[in-house]
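FYI, side chains are in, hydrogens and waters are out, and symmetry mates aren't considered; it's all heavy atoms of this structure. Order of the sequence lines fixes the chain letters, A, B, ..., with proteins taken first and strands second; residue numbering starts at 1 for each chain.
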Number of protein chains: 2
Amino acid sequence: MDDRAAVLEANDAFYRAFTRRDLTGMRDVWAGTPSDVCIHPGWEIQRGWHAIRSAWAKIFMGGMEMRFELGEVTVDVWGDVARIVLVENIWSGREFIGRVAATKLLLRTPAGWRVTLHHGSPIAQEAQEPEPDLSDMN
Amino acid sequence: MDDRAAVLEANDAFYRAFTRRDLTGMRDVWAGTPSDVCIHPGWEIQRGWHAIRSAWAKIFMGGMEMRFELGEVTVDVWGDVARIVLVENIWSGREFIGRVAATKLLLRTPAGWRVTLHHGSPIAQEAQEPEPDLSDMN
């Protein structure tokens, strides 16, 4: 498998674990080093797998069912470092929750590509979609 | 100069250009390639120097004077790729504007380390500082 395909496979595993609220699956995706970094939308910076794990546990216990439609996905590989940039279109059931711009960094390890950074930030509502036109209803 | 010092110098140049609203200085900091990525807090993903430049021009024309106190700064270097993660404490004159979590990626080029990613996201207010205790004033 080429680098790009392997990096995208790791990305799929990340969102599979996220959707299933699967902490073990999420752990398997990460490098698991002290220099791992995770920034959830609006959150403080989490550093090191211990803190990152706690943050995922909190999110997964929050219990909101989330589904991710990924858009604008690009992959760049520089030697043993890969970057993914994409937009998460987040749904909970039939409700559209919002859009998040996400950057990931992955490192090539003996066990394959592993995430060492996830940075997600909300895309402001006004940039998302025009207000529905309700003029017909007046 | 070692890699870490050179990467931090590029980071300083970034914030110097930001503070001075210096578009030429900002351009000199960036790699200037089609795969450059810039995500400002709340904004859509900007890709490629052309789009990134327009976004900076808009911000600089907005005219808000900003001063950055950087905290929690870490640098990691993997071969020809470097990552900086930090918190921007943003002031406008004496007014505290807010905190932004920022990730940067830099590439080693013949001209030195150049930024190819800047991702900034607001840290939510409730995570920033406790409400002032006004109980004495009641």
Side-chain angles (χ1 to χ4, degrees), chain A residues 31 33-48 51-52 55 58 70-89 98-109 113-129, chain B residues 31 33-48 51-52 55 58 70-89 98-109 113-129:
Chain A
T33 75
S35 62
D36 289 352
V37 172
C38 190
I39 306 170
H40 293 293
W43 289 43
E44 297 283 346
I45 300 170
Q46 311 295 324
R47 293 178 187 270
I52 292 169
K58 231 178 252 177
L70 306 182
E72 305 178 31
V73 184
T74 54
V75 176
D76 295 272
V77 180
W78 301 288
D80 294 336
V81 183
R83 179 187 68 181
I84 306 175
V85 179
L86 55 77
V87 173
E88 303 169 353
N89 298 285
R99 294 167 71 217
V100 165
T103 301
K104 279 185 199 60
L105 272 188
L106 298 91
L107 300 178
R108 190 196 305 270
T109 78
W113 289 94
R114 292 290 180 271
V115 174
T116 193
L117 168 91
H118 170 69
H119 186 165
S121 64
I123 300 176
Q125 195 64 34
E126 65 264 34
Q128 292 186 6
E129 39 186 0
Chain B
T33 73
S35 62
D36 289 352
V37 172
C38 190
I39 306 170
H40 293 294
W43 289 41
E44 297 283 346
I45 301 170
Q46 311 294 324
R47 294 178 186 269
I52 292 170
K58 233 179 250 178
L70 306 182
E72 305 178 29
V73 183
T74 54
V75 177
D76 294 271
V77 180
W78 301 287
D80 293 335
V81 182
R83 180 188 67 182
I84 306 175
V85 179
L86 54 78
V87 173
E88 304 169 351
N89 297 285
R99 293 168 71 220
V100 165
T103 301
K104 280 185 196 61
L105 271 189
L106 299 90
L107 300 177
R108 191 196 303 270
T109 78
W113 290 95
R114 290 290 180 273
V115 174
T116 192
L117 168 90
H118 169 69
H119 186 166
S121 64
I123 299 176
Q125 195 66 32
E126 64 264 37
Q128 291 188 5
E129 41 186 358

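Per-residue heavy-atom pair counts under 4.5 Å with chain B were compared for A/His119, A/Arg47, A/Arg83, and the maximum is reached by A/His119. Residue with the most contacts toward chain B among A/Val85, A/Asp80, A/Val87: A/Val85 (heavy-atom pairs, distance under 4.5 Å). Most heavy-atom pairs under 4.5 Å with chain B: of the set A/Ile39, A/Thr103, A/Leu86, this distinction falls to A/Thr103.
Across all their heavy atoms, A/Ser121 and B/Ser121 have their closest contact at CB-CB, 3.1 Å.
Taken to the nearest 0.5 Å, the CG atom of A/Leu105 stands 5.5 Å off from the CH2 atom of B/Trp78. The CG atom of A/Leu117 sits 10.0 Å away from atom CG of B/Asp76, with the distance rounded to the nearest 0.5 Å.
At a 4.5 Å heavy-atom cutoff, the contact between A/Val81 and chain B is made by side-chain atoms alone.
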